[in-house]
Amino acid sequence: MTHVVTDNCKGCRYTECVTVCPVECFHLDGTMTYIDPENCIDCGGCVPACPVGAIEPDYRLAADKKFWIAINRKRVAETPVITARLPPLPGADERKLALGR
Ligand code: F3S
């Protein structure tokens, strides 16, 4: 099992999740973060840390969000690890509002 970053992260990338991960399993690109399923220990600490509810354990994902499991796995192989918080992306707060968060 693993936790998975999903669509709400896109365009926000608050990186609060990174600050609580005990195993440095987050990677990032220009739009969002991804969780390395091989490193994730399923502690769940990142779930409440995310201001837009972007992270869920894989077994709780809705059927139409299961594809994010494969995307996280693919993208961690292509992107660098992130271990420290970054400023959110421009427009993140507006997107957060639009998401009703
Ligand atoms: Fe994304 Fe939420 Fe982390 S917006 S970078 S999953 S805190």
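Counting starts at 1 for both ligands and their atoms, following the listed order.
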More than 12 heavy atoms from other groups under 6.0 Å of NZ on Lys66: yes
Proximal protein heteroatoms (N, O or S) of atom 2 (Fe) of ligand 1, under 2.8 Å: Cys50 SG
Return a table of donor-acceptor pairs under 3.5 angstrom between the side chains of residues 81-91 and protein atoms on other chains or two or more places apart.
| from | atom 1 | to | atom 2 | distance (Å) |
| --- | --- | --- | --- | --- |
| Arg85 | NE | Glu16 | OE1 | 3.4 |
| Arg85 | NE | Glu16 | OE2 | 3.0 |
| Arg85 | NH2 | Glu16 | OE2 | 2.9 |

Non-hydrogen atoms of Ile35 and Cys46 that approach each other most closely: CD1-SG, 4.4 Å
Shared hydrophobic cluster for Ile55 and Leu28 (ILVMFWY, side-chain gaps under 4.5 Å): yes
Which donor-acceptor pairs under 3.5 Å do the side chains of residues 57-65 make with protein atoms, sequence neighbours left out?
| from | atom 1 | to | atom 2 | distance (Å) |
| --- | --- | --- | --- | --- |
| Asp58 | OD2 | Thr2 | N | 3.2 |
| Lys65 | NZ | Asp7 | OD1 | 3.1 |

Residues in side-chain hydrogen bond (donor to acceptor under 3.5 Å, both in side chains) contact with Arg75, at least two apart in sequence or another chain: Asp29, Glu78
